[in-house]
Structure formats: structure tokens, C-alpha cells
Protein chains: 2
Amino acid sequence: MRADRIVIADDHPVFREGLRRLIQGTASNAEVIEADTFRDMIQLAREGPVPTTFIVDLMFGDRSVETSLSALRLEFCRTSIIVLSMVDDRTVAERILSKGVDGFISKTLSPREIVAAIAAVRNGDQVLLLEPTFSALSDRDDEPAALTRRQRDVLRLLTAGKTNKEIAQALQISPFTVRIHVSALLKTLGVSSRTAAAAKATAYGLA
Amino acid sequence: MRADRIVIADDHPVFREGLRRLIQGTASNAEVIEADTFRDMIQLAREGPVPTTFIVDLMFGDRSVETSLSALRLEFCRTSIIVLSMVDDRTVAERILSKGVDGFISKTLSPREIVAAIAAVRNGDQVLLLEPTFSALSDRDDEPAALTRRQRDVLRLLTAGKTNKEIAQALQISPFTVRIHVSALLKTLGVSSRTAAAAKATAYGLA
DNA sequence: AGGTAGATAGCACATCTGCACTATTCTACA
DNA sequence: TGTAGAATAGTGCAGATGTGCTATCTACCT
């Protein structure tokens with residue numbers, strides 16, 4: 001069994017240190033690395049073996065790392081990502097989780113609960129979400145990037161790795177038409193290549 | 001809130017029916033659809049609104065649906081996929097989970113536990129747990145498709161949607177060299193386009 | 001010493017892709 | 001009944017992509 005390699009990123013040294021001690025108390029063989037900025041975390045993660053877990057504070061100063069999570073998820077596909085947050089906002093949590101993060105944990109929980117949640121992600125190899133007062137989830141129909149039905153059809157097949165010709169065949173339309181849809185959805189998604197679109201679709205759970 | 005649309009695929013009518021009743025007992029407004037083959041499930045899923053949850057038996061007769069799960073995950077990105085299995089094998093579970101499935105639940109658990117696990121996935125939008133005796137996870141170093149180190153570097157960036165030029169810049173090598181690596185990894189992965197490679201990498205947890 | 005494999009770099013060629021432009025048809029909506 | 005938006009189909013063009021070739025350098029194995 002490969003040793004766990006856990007990278008903690010938080011700009012509060014006290015909290016970070018406390019978390020490190022808590023983790024090492026339950027997983028003594030784990031290698032725990034601390035970073036006080038998101039950038040440092042990436043830097044440290046790229047050195048040496050791929051980390052098994054990221055534990056990231058959502059806010060650094062007044063800046064949220066939310067926009068960087070998709071890229072993090074893409075670059076470290078096999079690493080568990082756990083986001084810690086001071087806020088308990090449900091919509092924020094759902095938005096974060098939709099980026100492919102494995103856990104969203106409130107810092108307001110007790111240390112024991114936080115550690116238990118982290119351990120669950122690490123041991124169970126999956127996901128979980130916390131928040132004390134979560135009940136039902138929202139309708140999910142939150143703006144899927146304003147793609148038309150046909151564009152979504154195309155995006156789905158594109159994300160599956162199909163070429164324009166294959167998409168045309170699958171949807172029984174002309175390859176020319178497929179290109180129109182591809183161009184349109186690239187513009188909407190704000191990217192300039194189909195592979196980037198596929199990456200974004202995967203990261204955001206679109207398609 | 002959109003109604004849940006749950007598709008159950010299992011070749012044992014009794015189990016299927018029991019599961020349906022259990023689910024409707026806890027989520028009375030859910031639309032539950034039954035299929036007795038994997039193929040039927042896909043067929044039913046493609047008709048009407050996109051399902052919110054798939055609950056799939058791992059084995060149909062003596063045939064495993066394992067190889068079809070990646071395709072399922074790709075086609076239904078926003079649908080929770082839960083795999084049920086008679087076997088408790090840890091390595092099998094991990095292999096299945098690595099395909100992007102949201103849950104792996106043993107049929108040997110009590111009905112109440114199964115329903116709770118399914119409800120957790122459905123409500124929590126993430127979440128899943130499984131197997132009573134899971135402890136540590138394996139080393140994860142199971143043959144990453146025999147790609148070289150450099151090819152993995154390239155694949156990782158490629159999967160993130162980067163162009164050859166961007167990859168070259170990121171890795172500080174020539175675009176020509178990037179193309180060599182791309183060509184090589186395409187051949188190894190058995191695909192013929194970068195987007196297909198990205199799809200495969202995402203589905204198989206490579207990169 | 002010789003052989004193999006990986007990483008590097010380049011060239012040439014055919015194809016694919018993304019974009020700009022035009023144009024027709026159909027549906028929904030005011 | 002227009003009008004707007006979506007889907008359809010096409011052409012032309014520039015740039016990106018994938019493949020096949022050659023070639024050098026390093027590391028490792030026999």
C-alpha cells in the first residue's frame with residue numbers, strides 16, 4: 001500500500017497545524033504537507049508522487065479558489081479533493097461539489113466530525129458531503145450554460161470523443177450542421193477547441 | 001424541483017420489484033422505471049427526460065456490465081449511477097468505482113441499508129458508501145495503461161483541453177515532440193483523436 | 001560493445017477542425 | 001401575422017491535428 005500523501009492548503013497557520021495533527025493522529029503513516037496558498041499547494045503537489053488527498057480552504061483572504069477547482073480536478077484526476085469552508089451556504093456547497101470535488105466540509109463542525117469526514121473520503125475512496133442541516137437538494141436545473149437541446153446532444157457525443165462525422169451519423173444530420181453546433185457551443189462555453197469543451201463539460205457535469 | 005426519474009436494471013424480477021417498492025416508500029414522487037437488461041435500460045433512459053439515477057445490477061446472467069459502465073457514464077454525465085452486486089470483492093468494487101460510478105452497493109446488505117445508501121446518493125448529490133468491511137484502500141498503482149511518464153504528462157494536459165502548442169509551452173519542449181507523444185498515446189489507448197483520448201482518460205481515471 | 005527504448009527535434013502530407021458567411025425551413029411567441 | 005430563435009445545409013479558408021519518415025542523445029540491459 002502506497003503511503004497517503006495529503007496536502008493541506010489554508011492561510012491560517014493555526015488551523016492548518018491543528019488539522020495536520022488531527023489527521024496524523026488517525027493516520028500516522030500519512031505524509032502531510034502544508035501550503036499557505038493555493039498556488040503553493042499546486043507547486044508542492046507537482047513535486048514528488050501524486051497526492052492522494054487535497055484539503056483546501058475555500059477562501060484565501062477575501063479570494064475564493066472556486067474558479068480554480070475545476071482545473072485542479074482536471075489536473076489531479078485520481079486525487080481526492082476536499083474543500084473546507086467557513087460558510088454553510090447550501091448553494092455554494094452545491095456549486096463547489098458540481099465541480100467534481102469529493103467533499104465540502106464546514107469548518108464550523110467539530111474537529112472530530114471534520115476528521116471523520118476526511119477519513120471517510122480517504123478510506124472509502126469516495127465522496128461525501130457534509131453540512132449539518134442539509135436536507136433535499138435543489139432542482140438541479142440551474143442554468144446548464146444556456147446550451148440549446150441540440151447543442152447538448154452534440155456536446156454529449158463530443159465529450160465521448162466522437163468526431164464531427166461520427167456525431168453527424170449518430171444524430172442523423174449533416175457534418176456541416178454538426179460544425180455549426182460545435183462552433184456555437186464552443187463560443188457559449190468560452191473555449192476554442194473541442195477537447196477544451198469536453199474538459200469543461202466533464203468538469204462542470206454538463207453534457 | 002424536478003421529479004426524480006430512477007431506472008432500475010436487474011434481471012431478477014423479484015429483487016427489482018422489491019427495490020422499486022422500497023424506493024417508492026421513501027421517495028413517493030419518484031418515477032421508477034424497471035428494465036431487465038442493460039440494453040433495455042439504455043433504451044428506456046434515452047426516451048423521455050434524462051434519468052436522475054441508474055441502479056444497475058453488476059451481473060446479468062453470467063455477464064458483467066462492467067465494460068459498459070464507462071460508456072454509460074459518458075453518455076449520462078449528470079445521472080447518478082449506482083451499481084449493485086452480489087459480490088463483496090474489494091478490488092472489483094474499486095475497479096467499478098474508478099469508472100466514474102457514484103456508488104457500489106452490496107446486495108448482501110439489509111434492504112434498509114441499501115435504500116439508505118441509494119437515498120444518500122440521490123439526496124446528497126454526491127455521497128456514497130459501501131461495503132461493510134472496507135478499510136484501507138489499495139495502492140491504486142494498477143497498470144495505468146502502460147503509458148510512459150512523458151506520455152502521461154501530455155495526456156494530463158491534453159485531457160485538460162490544452163492544444164499541442166500549449167502543452168509544448170507547459171512542458172518546455174517542442175510542439176513536434178508533443179505530437180510524437182500524442183500519436184504514441186493515441187495508439188496505446190486505441191483511439192484516433194485527442195478528444196477521444198481525453199474521454200477515455202477521464203472515463204478510466206487515467207491521466 | 002551492441003541492442004533496445006524513451007525523449008528530443010524536424011519535415012511533408014492529408015485530413016480535421018474552427019470560423020466567417022449565406023441561405024432555407026420550422027416552431028414558438030407576441 | 002410577423003419576428004426571433006433554432007436547426008438545417010452549404011462553401012471557402014486558415015490553422016490545428018495525426019501519421020510517416022529520419023535522426024540524435026541518454027539510459028539501461030545483455
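Chain letters run A, B, ... following the sequence lines, proteins first, then strands; residues in each count from 1. Everything numeric here is computed off the predicted structure, so don't read it as measured data. Computation of the quantities below employed the complete heavy-atom set of this structure, encompassing side-chain atoms and omitting hydrogens, waters and symmetry-equivalent molecules.
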Would you mind reading off the distance between [X] atom [atom1] and [N] atom [atom2], rounded to a whole angstrom?
{"X": "A/R150", "N": "D/dG5", "atom1": "CZ", "atom2": "C1'", "result": "16 Å"}
{"X": "B/L171", "N": "C/dT8", "atom1": "CG", "atom2": "P", "result": "8 Å"}
{"X": "B/Q151", "N": "C/dT8", "atom1": "CD", "atom2": "P", "result": "11 Å"}
{"X": "B/R152", "N": "C/dG6", "atom1": "CZ", "atom2": "C1'", "result": "13 Å"}

Measure across [X] and [Y] and return the closest heavy-atom pair with its distance rounded to 0.1 Å.
{"X": "A/A197", "Y": "A/L155", "answer": "O-CD1, 4.3 Å"}
{"X": "B/Q151", "Y": "B/T188", "answer": "OE1-OG1, 4.4 Å"}
{"X": "B/D11", "Y": "B/M59", "answer": "OD1-O, 3.9 Å"}

Check the interface with nucleotides 11-19 of chain C: list each N/O to N/O pair with the protein under 3.5 Å, or write none.
unit_1: C/dA12; atom_1: N6; unit_2: B/R179; atom_2: NH2; d: 3.0
unit_1: C/dG18; atom_1: OP1; unit_2: A/R194; atom_2: N; d: 2.6
unit_1: C/dG18; atom_1: OP2; unit_2: A/R194; atom_2: NH1; d: 2.7
unit_1: C/dG18; atom_1: O6; unit_2: A/R179; atom_2: NH1; d: 2.9
unit_1: C/dC19; atom_1: OP2; unit_2: A/S183; atom_2: OG; d: 3.4

Exercise. Can you find a side chain N or O atom of A/T177 that sits less than 4.0 Å from OP1 or OP2 on D/dG10?
Worked result: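 No, because none of the side-chain N or O atoms of A/T177 sits under 4.0 Å from OP1 or OP2 of D/dG10.
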
Exercise. Does D/dT8 have OP1 or OP2 sitting under 4.0 Å from an N or O in the side chain of A/H181?
Worked result: yes

Exercise. Can you name the residues that form a side-chain contact (heavy atoms from CB on, under 4.5 Å) with B/T37, not counting sequence neighbours?
Worked result: B/R39, B/D40

Problem set entry | Difference in axis direction between the ends of the helix from C/dA1-D/dT30 to C/dA30-D/dT1, five pairs, 10° | 50°

Problem set entry | Results of salt bridge (charged side-chain N to carboxylate O under 4.0 Å, His left out) for A/E166 - residues two or more places apart only |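 Not a single residue meets the salt bridge (charged side-chain N to carboxylate O under 4.0 Å, His left out) criterion with A/E166.
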
Exercise. Taking only residues two or more places apart in sequence, or in another chain, which ones meet B/D10 in a side-chain hydrogen bond (donor to acceptor under 3.5 Å, both in side chains)?
Worked result: B/H12, B/K107

Pair up each side-chain donor or acceptor in residues 172-182 of chain B with any protein partner under 3.5 Å, not counting sequence neighbours, and list the distances.
unit_1: B/Q172; atom_1: NE2; unit_2: B/Q169; atom_2: O; d: 3.2
unit_1: B/S174; atom_1: OG; unit_2: B/F176; atom_2: N; d: 2.9

Exercise. Checking side chain to side chain contact (heavy atoms under 4.5 Å, CB included) for the pair A/L84/A/L58: CA distance, chi angles, key distance, verdict?
Worked result: CA-CA 6 Å; A/L84 296 175; A/L58 183 61; over 6 Å; no

